[in-house]
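The structure under discussion appears below in the form of C-alpha cells.
In this text the structure is predicted, and so the values were computed from the model without any measurement. Every number for a ligand or one of its atoms is a count from 1 in the order of the listing.
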Amino acid sequence: MNYVDAHTHTFSKEKNVLSIVNKYPTSKDFSSPFSIGIHPWFINQDNLEQEILFVEEKLNDKNCLAIGECGLDTLIDVDFRFQKEVFVRQIQLSEKYKKPLIIHCVKAHQEIIEFKKTLRPKQVWVLHGFNKSLQLAESCIKNELILSFGKAIINKNKLAEVFQKLSLKTILLETDNDNVSIFEVYKIASEIKNIEVVKLQKQLEQNFKNIFIK
Ligand SMILES: [Zn+2]
C-alpha cells in the first residue's frame with residue numbers, strides 16, 4: 001500500500017490504495033476494510049437500538065478498522081442533545097472494542113473537544129474533512145485529535161496554508177464523497193508541504209499503522 005484513503009464512500013480497485021470505506025447499518029458488503037457507525041444525519045429514535053447492535057456486531061469483523069463516521073452537526077434538523085447521546089454511545093463502543101473513531105463534525109468542534117477532555121478516551125479520534133482555521137486545528141491537535149484533509153486543500157488557499165503549517169504526524173488524507181482521487185490529494189498535499197510524494201506516503205502509512213493497526 002502506498003496510499004491511504006482514511007475516509008471514503010467508494011471502494012478503490014487500485015492495488016496500491018488502502019481505503020477505509022464508510023459503511024452504515026444498512027450496508028451489505030463488508031469484504032474490504034471499513035468503518036461503521038451511525039451518522040448524525042441518519043439517526044432515528046425508532047431503530048437506534050437495532051442499529052447500535054448491528055454496529056457492535058460489525059466491530060468484531062476482521063475488516064473493521066474504525067467506528068464512524070459518527071459525530072455532531074449543528075446545521076441539521078436533528079435534536080442536538082439526541083445527537084450527543086448517540087455520539088457518546090459510539091464513543092463507548094470505540095473504547096469497548098478498541099477501535100478508533102472517525103468523526104463527522106460540522107460547527108461543533110468545541111463540543112467534540114469538550115467530550116475528549118471529559119471522557120478521556122484511550123482510542124484515537126480522527127476528525128475527518130477538516131476545513132477550518134489554524135487556531136482551531138492547533139486546539140484540536142493539542143487535544144490529541146488527528147485531522148484528516150481532503151479535496152478542500154486543493155480548492156481553498158486558506159486551508160492549504162493551515163495544512164502547510166501542521167506536523168505530518170497528526171494528519172491523514174481522504175477523498176470522502178468528493179469527486180477527486182486519492183492520488184490527486186497526495187500530489188497536492190506534497191506540493192503544499194514541499195516534499196516528495198514518497199516521503200508523504202511513508203509518514204501517512206506510519207500514521208495509519210499507529211492509529212488503525214494495533
Ligand atoms: Zn463521509
Looking at side-chain heavy atoms only, is the closest gap between K23 and D29 below 4.5 Å? yes

Report all side-chain donor-acceptor pairs from residues 52-70 shorter than 3.5 Å, counting only partners two or more places apart or in another chain.
{"residue": "E56", "atom": "OE2", "partner": "K96", "partner atom": "NZ", "Å": "2.9"}
{"residue": "E56", "atom": "OE2", "partner": "Y97", "partner atom": "OH", "Å": "2.7"}
{"residue": "D61", "atom": "OD1", "partner": "N63", "partner atom": "N", "Å": "2.8"}
{"residue": "N63", "atom": "ND2", "partner": "F30", "partner atom": "O", "Å": "3.0"}
{"residue": "N63", "atom": "ND2", "partner": "S31", "partner atom": "O", "Å": "3.4"}
{"residue": "E69", "atom": "OE1", "partner": "H39", "partner atom": "NE2", "Å": "3.3"}
{"residue": "E69", "atom": "OE1", "partner": "H104", "partner atom": "ND1", "Å": "3.3"}
{"residue": "E69", "atom": "OE1", "partner": "H128", "partner atom": "NE2", "Å": "3.0"}
{"residue": "E69", "atom": "OE2", "partner": "H7", "partner atom": "NE2", "Å": "3.0"}
{"residue": "E69", "atom": "OE2", "partner": "H9", "partner atom": "NE2", "Å": "3.1"}

Measuring only between side-chain heavy atoms, which start at C-beta, is L204 closer than 4.5 Å to Y186? yes

Identify whether V126 and V106 are in the same connected component of the hydrophobic contact network (ILVMFWY, side-chain heavy atoms under 4.5 Å). no

Group every Ile, Leu, Val, Met, Phe, Trp and Tyr by side-chain heavy-atom contacts under 4.5 Å, then state whether F208 and F11 land in the same group. no

Using side-chain heavy atoms (C-beta onward) and a distance below 4.5 Å, is C140 in contact with L127? yes

Listed as residue and atom, the protein N/O/S atoms under 2.8 Å from the Zn ion (ligand 1) are H7 NE2, H9 NE2, E69 OE2, D176 OD1

